[in-house]
Novice: 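One structure, pasted below without further comment.
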Amino acid sequence: MTGKNIHYSLFLLIALALTVILAACSAPRSPGDENRKVYPATSLDGAYDWDYLAADMAERVKKALWDRPDLLPRSIYISQLDSRPFSLAFRNLLKSELVSRGLLVAEVKDPDSVTLDYNIQDVKLDGAHEVLVNSYLAHANRYVVHTTVIGRISDAEWDMYASGGAAGDAFAGSTRRVHITNR
């Protein structure tokens, strides 16, 4: 081999090694990570963040229904969790987002509708709250869509999500507060 061929071979070997390293670095960290939604804000402190969650959920529902032609003509009934500000606003935002995407939304549940439910779970971590907003569309005892969004709220904001009480208390409806401490 000549000096020119050795340099060219070395260049190709380095290029191949870099390609393999870059491909490995861009691979998902674990199964399912490629579908994980990353939200621009970690706080859920107002209507703008709630609207973002509703728009994301509406888009997921639309995509799932397009994959299920048997469910596409059915109306969607959105359950009402409770009368707290988040619950009332999130339900209305979901209705608006679904209708704006051309989906049928039922005001009253009927036998042919599919149900879109949501619940809230609070995890208290050393003085801070992480709220899990679980949303899911189900039909015939099967999930069509299920998603969970995690956000942070302050103690003062907790009343917008669920009734007050001591950490660890179970609340009415589908809301539960869990207290976790580091030991």
Novice: Step by step, work out the side-chain contact (heavy atoms from CB on, under 4.5 Å) result for E107 and K95.
Specialist: CA-CA 9 Å; E107 187 60 35; K95 283 192 252 180; 3.2 Å; yes
Novice: Does the side chain of L98 reach to within under 4.5 Å of the side chain of I76, using non-hydrogen atoms?
Specialist: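 Result yes, sub-4.5 Å side-chain heavy-atom pair found.
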Novice: Say you draw a straight line from CZ of F86 to CG of L93; how long is it, rounded to the nearest 0.5 Å?
Specialist: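 Between atom CZ of F86 and atom CG of L93 there are 9.0 Å.
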Novice: Look up atom OG in S79 and atom CG in L94, then write down how far apart they are to the nearest 0.5 Å.
Specialist: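 Atom-to-atom, S79:OG and L94:CG are 11.0 Å apart.
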Novice: Has the side chain of S87 got a donor or acceptor atom that lies under 3.5 Å from a matching backbone atom of D82?
Specialist: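 It does hold such a pair.
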Novice: Counting C-beta onward and ignoring hydrogens, is there a side-chain heavy-atom pair between I153 and M160 closer than 4.5 Å?
Specialist: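 No, side chains not in contact.
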Novice: Which heavy atom in K109 sits nearest to a heavy atom in Y77, and how many Å separate them?
Specialist: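 Here K109 and Y77 meet closest at N-CD1, 3.4 Å.
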Novice: Got V133 and S135 here, is their nearest side-chain heavy-atom distance under 4.5 Å?
Specialist: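 Counting from C-beta outward, V133 and S135 do come under 4.5 Å.
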Novice: Report whether M57 and W66 are members of the same hydrophobic cluster (ILVMFWY, side-chain heavy atoms less than 4.5 Å apart, transitive linking).
Specialist: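 They do share one cluster, since a chain of ILVMFWY contacts under 4.5 Å joins M57 to W66.
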Novice: Quick check: is L72 connected to V105 through a chain of hydrophobic side chains (ILVMFWY, heavy atoms under 4.5 Å apart)?
Specialist: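 Yes, because V105 and L72 connect within a single hydrophobic cluster, where side-chain heavy atoms sit under 4.5 Å apart.
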Novice: Would you say R74's side chain and V114's backbone share a donor-acceptor pair under 3.5 angstrom?
Specialist: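 Not confirmed, R74 side chain does not pair with V114 backbone.
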Novice: Can you tell me how far CG of D112 sits from CG of L104, rounded to the nearest 0.5 angstrom?
Specialist: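 With rounding to 0.5 Å, CG (L104) is 12.0 Å from CG (D112).
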Novice: Please determine whether residues L88 and I120 belong to a single hydrophobic cluster, defined as Ile, Leu, Val, Met, Phe, Trp and Tyr linked transitively by side-chain heavy-atom distances below 4.5 Å.
Specialist: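 Per the 4.5 Å side-chain linkage, L88 and I120 are not co-clustered.
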Novice: Are N119 and Y136 side-chain neighbours, meaning at least one heavy-atom pair lies under 4.5 Å?
Specialist: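 Result yes, sub-4.5 Å side-chain heavy-atom pair found.
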Novice: So how far is it from R101 CZ to L65 CG, rounded to the nearest 0.5 Å?
Specialist: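 The distance works out to 12.5 Å.
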Novice: Ignoring hydrogens and geometry, is there a side-chain-to-backbone donor-acceptor pair from R152 to V131 under 3.5 Å?
Specialist: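 No, because the side chain of R152 does not come within donor-acceptor range (under 3.5 Å) of the backbone of V131.
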Novice: Of D117, T115, V144, which is the lone residue that meets side-chain contact (heavy atoms from CB on, under 4.5 Å) with L137?
Specialist: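 So the option named by the test is V144.
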Novice: For the pair D110 (side chain) and A106 (backbone), establish whether a donor and an acceptor sit closer than 3.5 Å, ignoring hydrogens and angles.
Specialist: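 It does not hold such a pair.
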Novice: So do L103 and V61 actually touch side chain to side chain, heavy atoms under 4.5 Å?
Specialist: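 In short, these two side chains touch, coming nearer than 4.5 Å.
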Novice: Taking the side chain as C-beta and beyond, is there a heavy-atom pair between F90 and Y118 under 4.5 Å?
Specialist: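 F90 reaches Y118 side chain to side chain.
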Novice: Using a strict cut-off of less than 4.0 Å between a Lys/Arg side-chain nitrogen and an Asp/Glu carboxylate oxygen, indicate whether R60 and D56 qualify as a salt bridge.
Specialist: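 Looking at R60 and D56, the cut-off is met.
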Novice: Within the structure provided, determine whether L132 and V149 are in side-chain contact (heavy-atom separation under 4.5 Å).
Specialist: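 No, their side chains stay 4.5 Å or more apart.
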Novice: Once rounded to the nearest 0.5 Å, what's the spacing between atom CD1 of I78 and atom CZ of R91?
Specialist: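 Output value for this atom pair is 6.5 Å.
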Novice: Let me confirm one number: the NZ-CD distance from K62 to E97, rounded to the nearest 0.5 Å.
Specialist: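 Answer for the NZ-CD pair, K62 versus E97, is 11.5 Å.
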Novice: Of all the heavy-atom pairs spanning A64 and V145, show the shortest one and how long it is.
Specialist: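 For A64 and V145, the tightest heavy-atom pair comes out as CB-CG2, 3.2 Å.
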